[in-house]
2 protein chains.
Amino acid sequence: MMAERQRRKPGETREKLMSAALTLVGKGRHFASLGIREVTRQAGVVPTSFYRNFRNMDDLGLQLVDELGLVLRRMMREAREHVSQADKLIEESVDIFISHAQANRSFFLFMAQGLAGESRAVQEGIRSEMRFFASELANDLRRLRLVDHLSDSDLDMTSDLVVRSVAFSLTDLLGVSAGDDYQIDQIRKRTIRFLQLIFVGAANWNSVSQ
Amino acid sequence: MMAERQRRKPGETREKLMSAALTLVGKGRHFASLGIREVTRQAGVVPTSFYRNFRNMDDLGLQLVDELGLVLRRMMREAREHVSQADKLIEESVDIFISHAQANRSFFLFMAQGLAGESRAVQEGIRSEMRFFASELANDLRRLRLVDHLSDSDLDMTSDLVVRSVAFSLTDLLGVSAGDDYQIDQIRKRTIRFLQLIFVGAANWNSVSQ
DNA sequence: GTACTGTGTGTACAGTTGTTCACTAATGTG
DNA sequence: CACATTAGTGAACAACTGTACACACAGTAC
């Protein structure tokens, strides 16, 4: 008696394994504590198959970081398309961020875990995605000419701080259950205020210091 | 042949186990991936002893959070004592933070990991320590009368943002090797600029929005 | 059609894991 | 001093772990 062996597409098992790992993370497990057997079991695949696709768990983590990059780019594109009026820019961006964080909960959980994770490579990968995100944000801000008085390096710093603040709100967001609308709205409001405070700082930056 | 059994003090093994876990974290392991046997081995103690002191690894993690609270309070006290001139407040505080982060590297690694960790209880404990820290900071700022124009809730928000920014810099700091003075100085400068930006924002908060 | 390669399967094994149990020595209390 | 309590020990166990090996089948190249 042979379990069906169809091999429809190359890389099918690979995706099953990656989403199995994400599923486990979504269930509250920490990526660093996942084992090969556990992931293959969740994927409905025999343990040996793992080695056909990945060298070890760190390798799988690295490939998850790549996919995370795609998720972030999608989010960025949607934010750009929705920037209708400049005065609602912050609110709308935060809303898009929150909806993406909920739609890709496991991905963002993985990201939050990886920032202080076990694998240096994964850590560096996530950090690099965040830097990219911040530099894109700096470009957008420059294009919108809302902060013309800032030097490039000050603009980079501002974007960096924005991205970090949002990333920290992310860990708040992932801590509450997905249906808790009251708490989610609290986090939303707080994040918006953080960003407003930062932009007020940026608007008055040169006039005060440096 | 009996290994020495002296039992000098009650709770001696308990401390050995806790610092063994910290040591492993300091060596790059993630707390969530530590096992009971591994910790007892590092502590030079037989596995059974673990159960005399903790119910499971989460329990140990919770008790580490308590000790982390002490570390943070020490840091806060030192910062308060060193606040000589108000205009150097940010620089001096960041310096104290950096030196404490290096002196208690494993503790802060544990903290950074726990923020997105596996145990909800540990997560909440660390978050609560950060909230406490932020509220103490708000008290200090109120006392110094540097931000008199802010409402209590705006002051709380500002302190919260400050603490989060510093906490994020912490993960930068823990990512570089302890001797890399150049990178450490970069992080120091960037953190200082973040805080300056936030305080510029706070100084101009009411005049612009809300 | 035949051979090769890539990707899946099943079996196997030694090492590690968490946890239980019965035991023993040191300490504090009366 | 006797005695209960506490905090350590070592041996045992079944369950699980990562990894290796030989094998099977689909697809492609010749």
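Predicted model only: the values in this text are computed from it and were never measured. Chain identifiers are assigned alphabetically (A, B, ...) following the order of the sequence lines, protein sequences preceding nucleic acid strands; residue numbering begins at 1 within each chain.
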Can you tell me how far apart OG (A/Ser49) and CD1 (A/Ile36) are? Round to the nearest 0.5 Å.
12.0 Å
Measuring from A/Gln42:CD to A/Leu17:CG, what's the distance to the nearest 0.5 Å?
10.5 Å
Tell me the interatomic distance from [X], atom [atom1], to [N], atom [atom2], rounded to whole angstroms.
X       : N      : atom1 : atom2 : value
B/Ile36 : D/dC13 : CD1   : P     : 20 Å
B/Arg14 : D/dT6  : CZ    : C1'   : 15 Å
B/Glu12 : D/dT6  : CD    : C1'   : 14 Å
B/Met57 : C/dT19 : CE    : P     : 11 Å
A/Glu15 : C/dT7  : CD    : C1'   : 15 Å
B/Asn56 : C/dT17 : CG    : P     : 17 Å
B/Leu17 : C/dG18 : CG    : P     : 13 Å
A/Asn53 : C/dG6  : CG    : C1'   : 11 Å

Let me spell it out: for each of A/Glu38 and A/Thr48, pick the nucleotide of DNA chain D with the closest heavy atom. Which residue's pick is nearer the 5' end?
A/Glu38
For A/Arg55 and for B/Val45, locate the closest nucleotide of DNA chain D by heavy-atom distance; then report the residue assigned to the nucleotide nearer the 5' terminus.
B/Val45
Donor-acceptor side-chain pairing of A/Glu78 and A/His100 below 3.5 angstrom
yes
Cut-off 3.5 Å, side chains only: do A/Ser33 and A/Arg29 have a donor facing an acceptor?
yes
Closest listed nucleotide, where the reference is the side chain of B/Arg37 and the choices are D/dC21, D/dA11, C/dT17
C/dT17
Nucleotide of D/dT9, D/dT19, D/dT17 approaching A/Pro47 most closely (side-chain heavy atoms):
D/dT19
Between the base of C/dT17 and the side chain of B/Arg41, is there a donor and acceptor pair under 3.5 angstrom?
no
Is the phosphate of D/dT9, meaning OP1 or OP2, less than 4.0 Å from a side-chain N or O of B/Ser49?
yes
Report yes if a side-chain nitrogen or oxygen of A/Tyr51 is closer than 4.0 Å to either non-bridging phosphate oxygen (OP1 or OP2) of D/dT19; otherwise report no.
yes
Establish, for the pair B/Arg73 and B/Phe132, whether the NZ or CZ atom is under 6.0 angstrom from the six-membered ring centre and no further than 45 degrees off its axis.
yes
